[in-house]
Amino acid sequence: MTARTLYDKIWDAHLAHEAEDGTCLLYIDRHLVHEVTSPQAFEGLRMTGRTVRAPDKTIAVPDHNVPTTWDREKGIDNEESRIQVEALDKNAKDFGIHYYPVNDIRQGIVHIVGPEQGWTLPGMTVVCGDSHTATHGAFGALAHGIGTSEVEHVLATQTLIQKKSKNMRVEITGQLRPGVTAKDITLSVIGKTGTAGGTGYVIEYCGEAIRSLSMEGRMTVCNMAIEGGARAGLIAPDETTFEYVQGRPHAPKGAQWEAALAWWKTLHSDDDAQWDKVVTIRGEDIAPVVTWGTSPEDVLPITDVVPDPASFEGGKVEAAKRSLDYMGLTPGTKLADVEIDTVFIGSCTNGRIEDLRAAAEIVKGKKIKDGLRAMVVPGSGLVRLQAEEEGLADIFKDAGFEWRLAGCSMCLAMNPDQLSPGERCAATSNRNFEGRQGRGGRTHLMSPAMAAAAAVTGRLTDVREMM
Amino acid sequence: MEKFETLTGIAAPLPLINVDTDMIIPKQFLKTIKRSGLGVNLFDEMRYADDGSEIPEFVLNRPQYREAQILVAGDNFGCGSSREHAPWALLDFGIRCVIAPSYADIFYNNCFKNGILPIVLPQEQVDVLMKDAEKGANARMTIDLDAQTVTSSDGEVFSFDVDPFRKHCLMNGLDDIGLTMEKSASIDAFEAKAQSERPWV
């Protein structure tokens with residue numbers, strides 16, 4: 001048999017139909033649903049008299065719109081947001097799909113809830129009407145975002161019409177230096193390949209530095225595969241994966257666990273598999289990084305300075321000028337001198353327990369800079385509970401952080417958690433686009449430890465100075 | 001879905017790279033449970049000032065481009081979020097075709113589901129069409145999907161590639177779900193096989 005990549009193997013195992021022109025129907029094992037990209041899809045089913053083909057493989061949770069304040073039991077003030085969440089309540093009930101409503105302790109960001117509950121397993125196909133579905137690739141699952149028309153297609157047929165992507169391997173060799181995290185890996189890869197570097201590819205991340213990451217770190221890396229343009233990011237499952245999955249509510253048990261494990265162990269790229277593109281980065285060369293512009297590819301080590309737009313080529317010259325104008329930055333300014341107004345720790349990229357531990361370790365016994373607004377938004381109700389039990393919540397609150405309930409929050413600012421025009425934020429989320437965190441808001445992306453350090457000093461800060 | 005066969009219309013130039021879906025339709029407009037009505041908020045933050053007034057320099061606010069049906073843009077158009085509200089907003093404004101050197105994957109897929117044709121052309125050809133679009137309302141381009149050509153206002157013809165299945169669906173206004181349901185026997189067979197091989201799923 002010809003040598004295959006991990007992507008090839010998962011693809012082959014899910015091919016339900018292939019037409020003569022190469023158009024394929026890929027079977028979907030898990031369909032995750034949230035309130036923003038699904039109402040029109042359910043409406044489409046109703047209008048055509050169609051049903052959900054596999055409700056037992058469909059899992060819904062509201063996350064984008066939900067308030068993260070402690071009074072959210074009283075309901076959502078914004079009428080449109082409330083209608084959207086109520087629509088999901090109704091759709092989940094009417095179509096009989098698994099559901100974690102706002103008041104369920106297991107509610108949270110869909111990409112945190114899926115793995116946490118054991119819905120995401122190695123070798124699966126996982127889709128959601130959300131680009132950060134790439135997160136689930138950390139388990140060696142083929143996972144990617146889809147549009148609402150495709151949400152409707154999956155609801156109705158449990159398949160997607162697909163053409164196969166090309167194979168790209170991103171290898172991170174060696175070990176990371178102290179203060180460098182999974183977030184720095186994923187941002188550095190995008191900094192090197194650009195936001196379109198992965199377009200047309202599925203990326204498999206490999207190498208010693210990736211192998212050494214925990215599952216949560218791997219989820220952070222895969223989460224931002226989409227920011228590099230890739231359809232999906234994958235990491236081959238190993239003992240770290242199996243240990244994380246075992247015992248979760250929806251993970252297989254007993255004889256089924258053994259059968260699953262036997263198959264999962266075959267899920268790796270063959271040694272002589274062919275790659276269409278290969279990128280290699282030395283783990284030792286990765287520094288703690290921040291973004292300076294309005295594209296996730298605008299990445300530099302914290303020790304660097306704001307770049308001169310003239311140093312770029314092609315359309316990037318104008319784009320960089322526009323970015324710096326929007327960001328209110330001058331070329332040559334040391335990044336570590338850039339003062340911030342706000343810190344946001346959370347999101348599907350960095351809202352898990354290890355992220356909160358890393359941030360708490362930096363702020364423990366310290367106070368946030370006077371006048372700064374800082375919030376921690378756990379990725380799920382269960383992450384919140386665990387952080388409270390471990391004393392992390394108290395560390396954050398004592399330091400002056402707001403401690404919130406779970407949701408997407410200020411990552412995309414669909415709920416009231418937003419930046420004001422000109423407000424500058426150190427954020428652990430995934431996008432620094434214009435207006436992403438609120439109209440006119442200025443976002444610098446970084447790791448949880450770096451965001452925590454920035455909260456203490458009130459400026460972008462090299463976390464290594466505080467370790 | 002509305003059929004796409006030929007289109008002759010005004011092309012608006014948007015010479016920016018990495019135009020993301022947050023730019024195309026900001027998140028505050030994603031709270032709708034409908035597909036329609038988003039055109040007024042297309043490119044909202046670039047198009048309107050804080051007080052809601054129009055920014056006159058923005059291309060779609062300029063008198064000659066208010067009826068634009070084609071958008072000519074830079075590399076990696078539609079990157080970021082998977083929101084289908086982006087093509088819905090373009091379509092609701094009246095844009096039926098985008099021309100750019102490259103697109104983000106999900107946005108590109110979403111266009112075809114909504115009767116919008118995203119055309120990929122090499123940078124140097126996009127540059128020519130960008131200049132053509134800058135001429136304003138008198139410069140009408142013609143898209144012929146069957147022939148797979150773009151004709152500039154000067155009569156210069158550029159050929160583009162498009163996936164045959166997607167072309168077929170677009171030209172006939174076909175509903176993907178209906179087509180897939182015709183293959184339900186294959187899906188049933190796959191499901192039965194997968195259930196025996198991977199019962200834990």
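Naming convention: chains lettered A, B, ... in sequence-line order (proteins, then strands); numbering from 1 in each chain. All heavy atoms count here, side chains included; hydrogens, waters and symmetry mates do not.
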Gap separating the [atom1] atom of [X] from the [atom2] atom of [Y], nearest 0.5 angstrom:
X	Y	atom1	atom2	value
B:Leu145	B:Lys3	CG	NZ	12.5 Å
A:Leu45	B:Ile177	CG	CD1	7.0 Å
B:Met23	B:Arg47	CE	CZ	15.5 Å
B:Glu134	B:Tyr65	CD	OH	6.5 Å
A:Gln84	A:Asp89	CD	CG	12.0 Å
A:Phe433	A:Thr195	CZ	OG1	7.5 Å

Tell me, for [X] versus chain A, whether the close heavy atoms (under 4.5 Å) come from the side chain, the backbone, both or neither.
X	answer
B:Leu16	side chain
B:Ile106	side chain
B:Asp188	both
B:Thr21	neither
B:Asp75	neither
B:Asp44	both
B:Asp50	both
B:Ser81	both
B:Arg198	side chain
B:Tyr108	neither

Using the ring of each side chain (for Trp, its six-membered ring), is B:Phe190 parallel, tilted or perpendicular to A:Tyr27, with breaks at 30° and 60°?
tilted
What class does the angle between the rings of B:Phe43 and B:Phe77 fall in, given that below 30° is parallel, 30 to 60° is tilted and above 60° is perpendicular?
perpendicular
Identify which part of [X] has an atom lying under 4.5 Å from any heavy atom of chain B, answering side chain, backbone, both or neither.
X	value
A:Ala13	both
A:Lys316	both
A:Ala251	neither
A:Arg431	side chain
A:Leu121	side chain
A:Glu35	neither
A:Gln437	backbone
A:Met124	side chain
A:Ser295	side chain
A:His14	both
A:Asn78	side chain

Among [options], residue most engaged with chain A (heavy-atom pairs, under 4.5 Å):
options	result
B:Asp163, B:Val201, B:Asn110	B:Val201
B:Glu191, B:His85, B:Gln123	B:Glu191
B:Pro26, B:Ala104, B:Pro164, B:Pro199	B:Pro199

Take A:His64 and A:His34 through the ring-ring contact (aromatic ring centres under 6.0 Å, His included) test and state the conclusion after the steps.
CA-CA 8 Å; A:His64 283 57; A:His34 66 74; 3.8 Å; yes
Might you point out which heavy atoms bring [X] and [Y] nearest each other, and give the distance in Å?
X	Y	answer
B:Ala133	B:Ala12	CB-C, 4.2 Å
A:Pro296	A:Asn432	N-OD1, 3.1 Å
B:Cys169	B:Leu179	SG-CD1, 3.8 Å
B:Arg83	B:Ile25	NH1-O, 2.9 Å

Any idea which of [options] has the most non-hydrogen atom pairs under 4.5 angstrom with chain B?
options	value
A:Leu25, A:Val36, A:Thr148	A:Thr148
A:Ile161, A:Thr159, A:Ile226, A:Asp56	A:Ile161
A:Arg30, A:His144, A:Arg50, A:Gln158	A:Arg50
A:Thr23, A:Thr37, A:Thr199	A:Thr23
A:Gly314, A:Ser149, A:Pro421	A:Ser149
A:Glu80, A:Gln40, A:Met414	A:Gln40

If you check every heavy atom in residues 111-119 of chain B against those of chain A, which residues fall under 4.5 Å?
B:Lys113, B:Asn114
What verdict does the salt bridge (charged side-chain N to carboxylate O under 4.0 Å, His left out) test give for A:Arg322 and A:Glu434, after you've listed the backbone C-alpha separation in whole Å, the side-chain angles of each residue and the deciding distance to 0.1 Å?
CA-CA 10 Å; A:Arg322 185 185 166 91; A:Glu434 289 179 23; 2.9 Å; yes
Dump the intermediate steps for salt bridge (charged side-chain N to carboxylate O under 4.0 Å, His left out) on A:Arg46 and A:Glu43, then the final yes or no.
CA-CA 5 Å; A:Arg46 284 197 180 89; A:Glu43 184 198 45; over 6 Å; no
Between [X] (side chain) and [Y] (backbone), is there a donor-acceptor pair under 3.5 Å?
X	Y	value
A:Tyr326	A:Gly441	yes
A:Arg231	B:Asp105	no
A:Thr125	A:Asp29	yes

Determine whether B:Asn76 and B:Ile17 make a side-chain contact, defined as any pair of heavy atoms from C-beta on separated by less than 4.5 Å.
no
Who are the side chain to side chain contact (heavy atoms under 4.5 Å, CB included) partners of B:Gln64, not counting sequence neighbours?
B:Arg62, B:Ala137
Does atom NZ of B:Lys131 have more than 12 heavy-atom neighbours from other groups under 6.0 Å away?
no
